[in-house]
Amino acid sequence: MKTTLQKIILVLAFSLGLTSIAKAQMVYIPDLNFRAYLNTNYPTCMVGDSIDGSCPQVINTTYIDVSNQYISDLTGIIVFVNSIR
């Protein structure tokens with residue numbers, strides 16, 4: 001009986017761990033020009049007005065150039081953690 005309970009607890013703990021890992025990290029992008037840039041360059045990572053920080057394309061980005069895009073608010077740029085040096 002004790003080992004069955006331990007197995008159930010282990011399975012539940014493992015399941016909860018996977019749920020938190022699989023959760024998308026959505027970040028709101030308020031600037032329309034920045035949002036347009038992201039929709040053009042990361043279309044599969046955008047969901048409406050937010051970007052999924054767990055999207056592989058975002059995670060694997062090592063450089064991002066938003067110059068001359070008329071962006072006034074870079075809120076959300078933090079999802080590109082590999083781009084920040």
Side-chain angles (χ1 to χ4, degrees):
M1 180 82 165
K2 186 176 181 181
T3 58
T4 303
L5 182 58
Q6 288 173 337
K7 288 179 184 178
I8 291 171
I9 291 171
L10 182 62
V11 168
L12 286 173
F14 183 71
S15 297
L16 289 173
L18 284 180
T19 302
S20 64
I21 291 171
K23 205 180 273 187
Q25 301 167 359
M26 301 305 293
V27 177
Y28 175 67
I29 308 297
D31 188 281
L32 295 176
N33 292 325
F34 189 30
R35 195 180 311 155
Y37 171 85
L38 295 173
N39 273 310
T40 299
N41 294 283
Y42 302 90
T44 59
C45 302
M46 292 296 292
V47 179
D49 56 9
S50 298
I51 189 163
D52 180 357
S54 65
C55 179
Q57 191 179 3
V58 169
I59 292 169
N60 294 324
T61 296
T62 56
Y63 178 79
I64 185 170
D65 181 5
V66 294
S67 58
N68 300 317
Q69 299 295 320
Y70 305 101
I71 296 170
S72 60
D73 183 353
L74 287 173
T75 299
I77 193 84
I78 194 68
V79 297
F80 294 94
V81 293
N82 291 327
S83 303
I84 300 171
R85 296 178 188 183

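Everything numeric here is computed off the predicted structure, so don't read it as measured data.
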Worksheet item: If you round to the nearest 0.5 Å, how far is CD1 of I59 from CG of D52?
Response: 8.0 Å

Worksheet item: Can you find a heavy atom in the side chain of I77 that is under 4.5 Å from one in the side chain of I64?
Response: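 The answer is yes; the side chains approach within 4.5 Å.
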
Using every non-hydrogen atom in the two residues, find where [X] and [Y] come nearest and quote the distance to one decimal.
{"X": "G53", "Y": "V58", "result": "O-CG1, 4.2 Å"}
{"X": "P30", "Y": "R35", "result": "O-NH2, 3.3 Å"}
{"X": "Y63", "Y": "T61", "result": "O-CG2, 3.3 Å"}

Item to complete: Answer with yes or no whether the hydrophobic clustering places L32 together with I51; edges join I, L, V, M, F, W, Y residues whose side-chain heavy atoms lie under 4.5 Å apart.
Response: no

Worksheet item: So if you build clusters from Ile, Leu, Val, Met, Phe, Trp, Tyr with side-chain heavy-atom gaps below 4.5 Å, do L74 and Y42 land together?
Response: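 Yes; tracing contacts between hydrophobic side chains, which count when under 4.5 Å, links both residues.
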
Worksheet entry | More than 12 heavy atoms from other groups under 6.0 Å of OH on Y28 | yes

Worksheet item: Hey, mind stepping through T44 and C55 against side chain to side chain contact (heavy atoms under 4.5 Å, CB included) and telling me if it holds?
Response: CA-CA 8 Å; T44 59; C55 179; 4.3 Å; yes

Discussion item. Is it true that D31 and S72 share a donor-acceptor pair across their side chains at a distance under 3.5 Å?
Written reply: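 There is such a pair (donor and acceptor under 3.5 Å, judged by atom type) between the side chains of S72 and D31.
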
Worksheet item: Going through the distances and angles, do I29 and Y37 end up as a side chain to side chain contact (heavy atoms under 4.5 Å, CB included)?
Response: CA-CA 11 Å; I29 308 297; Y37 171 85; over 6 Å; no

Discussion item. Would the distance check show the side chain of Q57 and the main-chain N or O of N41 forming a donor-acceptor pair, the cut-off being under 3.5 Å?
Written reply: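 Checking the backbone N and O of N41 against the side chain of Q57, a donor-acceptor pair under 3.5 Å is found.
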
